[in-house]
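First the structure, in the form of structure tokens, and then the observations on it.
Side chains are part of it too, since the values below use all heavy atoms of this structure and drop only hydrogens, waters and symmetry mates.
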Amino acid sequence: MPKPAARPAPPPAPVPRLELGPVTVHFGEKNGKYPDGNQVVVTGADTRVLFDTPLVSNRLGAALDGADLLILGHVHEDHMAGVHRFPQRPLFVPQEDLSAIQSLAGMLRHYGYAPATSERMVAKITRDFHYTPRPDAIGYADGRVWELGGGVSVRAIHMPGHTRGHSVLLVEPGGIAFIGDIELSAFGPYYGDACSDLRQFRATLAR
């Protein structure tokens, strides 16, 4: 007796998004809670920028293909899960976090875990978050400005604690701030990694 024909898989559900002037936010699962995140795209007259690349970036397909460059607010596995999609695009990373994106050895120093934990982390970040070293990544410092054309700009504001290099990315016009992992959810903004500093994080919160 012939087997019934398999039903085609339903198309993936569209990713919800929000438009804020030059900024588009594509929402990850659970509105961006770990392990996913929200994909932010900033479009100027001349340049289109991605802030971070969380897991949802792998579900957006052609919606991100026109990006000219990527800017990470900091380096952790959940903020770089789509970097592998853009091997030829310039990638900007806070100077203090740069070594973590340049090599796996640098990433392990960033975490600072014991060897057994490090082995598990390597498996997790490569399998679940598509970790891809980018030795060509470019470090940026506090105050760096990217002019995107048409009066749209992005400015980096160094706000460490979560990582040494953690930075807020401020979009003008509109004063829209991408604050990354400056938050006080039950999951916690402070992980105790080698790159974390509680005193700095308190100063960042006060600021």
Point-to-point distance, once rounded to the nearest 0.5 Å, from CD of Q102 to CD1 of I138: 10.5 Å
For the student: nearest non-hydrogen atoms of P35 and L55, plus distance: O-CD1, 3.4 Å
Audit row: V168, M159, side-chain contact (heavy atoms from CB on, under 4.5 Å) steps and yes/no: CA-CA 7 Å; V168 168; M159 290 195 171; 3.6 Å; yes
Straight-line distance of S118 OG to M121 CE, nearest 0.5 Å: 8.5 Å
same_hphob_cluster(I182, I157) at 4.5 Å side-chain heavy-atom cutoff: yes
H110: partners by ring pair (Phe, Tyr, Trp, His ring centres under 6.0 Å), with sequence neighbours left out: H76
Inter-residue atom distance E29.CD - N38.CG, 0.5 Å rounding: 11.5 Å
Exam field: side chain R85 to backbone G61, donor-acceptor pair closer than 3.5 Å: yes
Ring pair (Phe, Tyr, Trp, His ring centres under 6.0 Å) involving F178 - partner list, sequence neighbours excluded: F51
Separation between NE2 of H158 and NE2 of H74, rounded to the nearest 0.5 Å: 12.0 Å
Nearest non-hydrogen partners of T43 and V152, listed with the distance: O-CG2, 4.1 Å
Check against side-chain contact (heavy atoms from CB on, under 4.5 Å), H166 and D181: CA-CA 8 Å; H166 188 285; D181 279 349; 4.1 Å; yes
L169-I176 co-clustered via ILVMFWY side chain contacts under 4.5 Å: yes
Heavy-atom check, side chain of R144 versus side chain of F92, under 4.5 Å: yes
CZ/R155: more than 12 non-hydrogen atoms of other groups inside 6.0 Å: no
Exercise: identify the closest heavy-atom pair between T53 and Q39: CA-OE1, 3.4 Å
Point-to-point distance, once rounded to the nearest 0.5 Å, from CG of D46 to CG of L148: 8.5 Å
Any donor-acceptor N/O pair, D78 side chain to Y34 backbone, under 3.5 Å: no
Test log, rule side-chain contact (heavy atoms from CB on, under 4.5 Å), inputs L104 and V122: CA-CA 8 Å; L104 189 54; V122 168; 3.9 Å; yes
Transitive ILVMFWY side-chain link F129 to V93, under 4.5 Å: no
Reported CD1-to-CE distance for the pair I101 and M80, which is rounded to 0.5 angstrom: 3.0 Å
Side chains of S57 and L50 in contact at under 4.5 Å (non-hydrogen atoms): no
Closest non-hydrogen atom pair between S167 and P94, with its separation: OG-CG, 4.1 Å
Joint cluster assignment, I125 & L108, ILVMFWY side-chain distance < 4.5 Å: yes
Check against side-chain contact (heavy atoms from CB on, under 4.5 Å), W146 and I71: CA-CA 10 Å; W146 295 264; I71 307 174; 3.6 Å; yes
Close side-chain approach of L70 to R134, heavy-atom, < 4.5 Å: no
Heavy-atom closest contact (N58 atom, A81 atom, distance): ND2-O, 3.1 Å
Path from V83 to Y111 over hydrophobic side-chain contacts below 4.5 Å: yes
Nearest heavy atoms of A45 and G150, plus distance in Å: CB-N, 3.5 Å
Parallel, tilted or perpendicular: ring planes of H130 versus H84, cut at 30 and 60 degrees: tilted
Atom CZ of R199: over 12 foreign heavy atoms under 6.0 Å: no
Check: E119/Y113 side-chain N/O donor and acceptor closer than 3.5 Å: no
Donor-acceptor contact present, side-chain D52 to main-chain G73, <3.5 Å: yes
Show me the donor-acceptor pairs within less than 3.5 Å that the side chains of residues 18-28 make with the rest of the protein, sequence neighbours left out.
from, atom 1, to, atom 2, distance (Å)
E19, OE1, T24, OG1, 2.7
E19, OE2, R17, NE, 3.3

